[in-house]
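Presented below is the structure to which this report refers.
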Amino acid sequence: MGSTSAHDETNAGLDRRKLIKRSAALGLLTVPTMSFLSACASGDGDDGGDAEKGKKSDKNPLGVNESAGLDFVLFDGGFGSQYGKDAVKVYEKDFPKAKVKFHATQMIQSELQPRFNGGTPPDLIDNSGKEQMDMGVLVGQKQLHDLTELLDAPSYDDPKKKVRDTLRPGIVEMGQFDGSQVWILYYSYTVYGVWYSQKLLESLDATYPETWDQMLAVCEKAKKKGIAGWTYAGVHPYYIPFSLYPMIGKRGGSEVLDAIDNLEPNAWKHPAVKDCFEAYYELKRKGYILDGTPGLDHIQSQTKWTENKALFIPNGSWVENEAAKTMPKDFNLAVGAPTGLDSGDKLPFGALWASGGEPFIVPSKAKNKAGGMEQLRIMLSEASSKNFTSQVKSLSAYDGGTTGIELSPGLKSAVAALEKAGKNVLNPRMQDWYVALQKEKIGVAGLGEMMAGRLTPTEAIKRIQGFADEAAKDDSIKKYKHQ
């Protein structure tokens, strides 16, 4: 998922994972998440030494100063840097008098800390990777520029459409924290769900299950062939929610997930949560989980899966690139929306979780904020989106950009899943708003223990609700709510 939340395209997130594994007994350790910016003086809004504004026009709706320099820092991770370089070329063509400084790095915090401290940040930053700067701190200390002006500007391709009207579901909302202001523009787009080999599924004379009875029947077929129904990243069980959370939303409606994100009292005690926990526990109880899964990390579990030792795995669309080295050419990768329970589900089968990655920000003290936003406007054009998708096998935040491109099997399946979902795209925010709670407590100490058979669903729910209640009462944790 880019490199912003549960997953890092460069595997840089392994450092944090190892820390959690070594230090957090059952995930009960509280890991400090204070950003380096806590040592900085709070920002006081857009009072930096701005470049003189340019004249607004149809071709220059944001009023970019055509001769002002642009300073762009891109995270050089799993997506590489070429897509950024290509977008810069378009900016340079549109503003030939402007000198663009483009820099790709994996050391976002190390390199940019002195610049933020000195009040001279770049104009545009891809704030990603293991050195990602803390978004909550950036917003809270008024270090970011509100991108509403960009979202309301005409799109690069069609002046009759605003930029916001060209984006995939949930992108705008992900950039919000409190109120309507948008502080972050997520550029990549991840589809979460249950991933599998279409070839292996067909060899079992089966189709992707839409109800839980069908899921159990498929897993039984696989078991009789010596194939496990499921595996998952047991060392990092916060991967389980990639399919479990949208299943909960499917069962009880999106408002159940919103209540969980909002840390509302007894949110985890909703009947939909209990139903879905019991369904997943049944996979363990009936022996449909690959032996040894609780001890596997994400790479090891994916390798077992690509070796056809397990049929299903909960994951995000980055898995196509990440598992490419071990995935057979005829694997025919596919993704399914999380299997529902039965006709009592509130949302249709196709409902799934999809959301943005690669968070781009424009600092409030950047000299050329208009230029930073214009570079983003260019990147959200159809041409730039197609270029990104062709290069890295990932969708962008632009809602389209796949026509005429030969899509890889996994990406083709992800696009089809999104089309089937339609408006039923869910976007849980727990992993963005409360990282330690989501990973260490809900993931490791709750779901991980349940799927390993050391907690019953009832016990897991009670424990997780306790964690959520603790976070809700902790005044040191900044709270966010769905608008």
Side-chain angles (χ1 to χ4, degrees), residues 1-2 4-5 35 37 43-48 50 56 61-64 72-75 87 116 121-128 132-156 161-190 258 261-262 354-366 368-381 384-385 395-399 425-434 478-483:
M1 123 190 126
T4 61
S5 302
S35 161
L37 285 170
D44 51 3
D46 296 350
D47 61 351
D50 286 6
K56 290 187 178 182
L62 293 169
V64 177
F72 179 6
V73 176
L74 183 85
F75 172 66
F116 270 90
D123 303 309
L124 180 62
I125 303 167
D126 174 15
N127 181 31
S128 198
Q132 179 189 57
M133 295 176 285
D134 189 300
M135 297 294 191
V137 174
L138 287 167
V139 173
Q141 295 195 352
K142 300 181 180 179
Q143 297 281 350
L144 301 185
H145 179 68
D146 180 9
L147 300 177
T148 299
E149 183 182 2
L150 164 65
L151 296 172
D152 288 337
S155 67
Y156 194 81
K161 276 188 177 181
K162 294 180 180 180
V163 170
R164 69 169 68 244
D165 296 329
T166 68
L167 303 178
R168 295 187 186 277
I171 290 295
V172 172
E173 291 76 12
M174 282 193 72
Q176 297 172 332
F177 281 71
D178 290 316
S180 62
Q181 292 169 302
V182 180
W183 306 109
I184 305 161
L185 195 293
Y186 288 86
Y187 188 65
S188 66
Y189 198 73
T190 297
D258 288 353
D261 289 340
N262 292 344
S355 61
E358 295 306 310
F360 280 75
I361 55 176
V362 174
S364 60
K365 291 192 176 184
N368 189 5
K369 291 186 281 290
M373 290 189 291
E374 177 64 18
Q375 181 68 84
L376 274 175
R377 195 173 78 98
I378 290 169
M379 292 173 66
L380 292 168
S381 67
S384 286
S385 177
L395 297 174
S396 79
Y398 176 82
D399 193 3
V425 174
L426 301 166
N427 188 7
R429 302 306 306 278
M430 182 65 68
Q431 69 177 16
D432 305 313
W433 291 349
Y434 308 109
K478 172 70 175 176
K479 308 302 191 302
Y480 300 103
K481 291 187 180 295
H482 286 273
Q483 302 300 312

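This chain uses plain numbering: 1 for the first residue, then up along the sequence.
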For this session: Decide if atom NZ of Lys479 counts as having more than 12 heavy atoms of other residues, nucleotides or ligands within a radius under 6.0 Å.
Result: yes
Exercise. With a 4.5 Å limit on heavy-atom distance, are the side chains of Phe360 and Phe72 in contact?
Worked result: yes
Exercise. So, does Ser385 use its side chain to make a donor-acceptor pair with the main chain of Leu380 at under 3.5 Å?
Worked result: no
Exercise. For the residue pair Phe116 and Gln143, what are the closest heavy atoms and their distance?
Worked result: CD2-OE1, 3.5 Å
Exercise. Is any side-chain heavy atom of Val73 closer than 4.5 Å to a side-chain heavy atom of Asp126?
Worked result: no
Exercise. Side-chain donor-acceptor pair under 3.5 Å between His482 and Asn262, yes or no?
Worked result: no
Exercise. Asp399 versus Tyr189: any side-chain heavy-atom pair under 4.5 Å?
Worked result: no
Problem set entry | Short side-chain to backbone donor-acceptor contact, Ser381 and Tyr156, under 3.5 Å | no
For this session: Keeping the roles fixed (side chain from Asn127, backbone from Pro359), state whether a donor-acceptor pair exists under 3.5 Å.
Result: no
Exercise. To the nearest 0.5 Å, how far apart are NZ in Lys142 and OG in Ser364?
Worked result: 10.0 Å
Problem set entry | Distance (rounded to the nearest 0.5 Å) between Glu173 CD and Asn427 CG | 8.0 Å
Problem set entry | Nearest heavy-atom neighbours spanning Tyr187 and Met379 | OH-O, 2.7 Å
Problem set entry | Nearest heavy-atom neighbours spanning Ile125 and Pro363 | CD1-CG, 3.8 Å
Problem set entry | Nearest heavy-atom neighbours spanning Ile184 and Phe177 | CD1-CE1, 3.5 Å
Exercise. Are any of the side-chain nitrogens in Lys56 or Glu149 under 4.0 Å away from the carboxylate oxygens of its partner?
Worked result: yes
For this session: For residues Leu150 and Val362, determine if any side-chain heavy atom of one lies less than 4.5 Å from a side-chain heavy atom of the other.
Result: no
Problem set entry | Any side-chain heavy-atom pair of Asp152 and Val163 under 4.5 Å | no
Exercise. Can you find a side-chain donor-acceptor pair between Ser128 and Glu358 that sits under 3.5 Å?
Worked result: yes
Problem set entry | N-O pairing of Asp123 and Lys369 below 4.0 Å | no
Exercise. Heavy atoms, side chains only, cut-off 4.5 Å: are Leu147 and Trp183 in contact?
Worked result: no
Problem set entry | Heavy-atom donor-acceptor pair, Arg377 side chain to Pro154 backbone, under 3.5 Å | yes
Exercise. Rounded to the nearest 0.5 Å, how far does NE2 of His145 lie from CG of Leu124?
Worked result: 12.0 Å
For this session: Compare every heavy atom of Ser180 with every heavy atom of Thr148, then report the nearest pair and how far apart it is.
Result: OG1-O, 4.2 Å
For this session: Output yes when a side-chain donor or acceptor of Glu374 lies under 3.5 Å from a complementary backbone atom of Val64, and no otherwise.
Result: no
Problem set entry | Non-hydrogen atoms of Gln176 and Arg429 that approach each other most closely | O-NH1, 4.3 Å
Exercise. So, Arg168 side chain and Tyr398 main chain: donor-acceptor pair closer than 3.5 Å or not?
Worked result: yes
For this session: Using the six-membered ring wherever Trp is involved, compare the ring planes of Trp433 and Tyr480 and label them parallel, tilted or perpendicular (cut-offs 30° and 60°).
Result: tilted
For this session: Decide yes or no for Ser188 and Leu395: does some side-chain heavy atom of the first lie under 4.5 Å from some side-chain heavy atom of the second?
Result: no
Problem set entry | Straight-line distance of Met133 CE to Ile361 CD1, nearest 0.5 Å | 4.5 Å
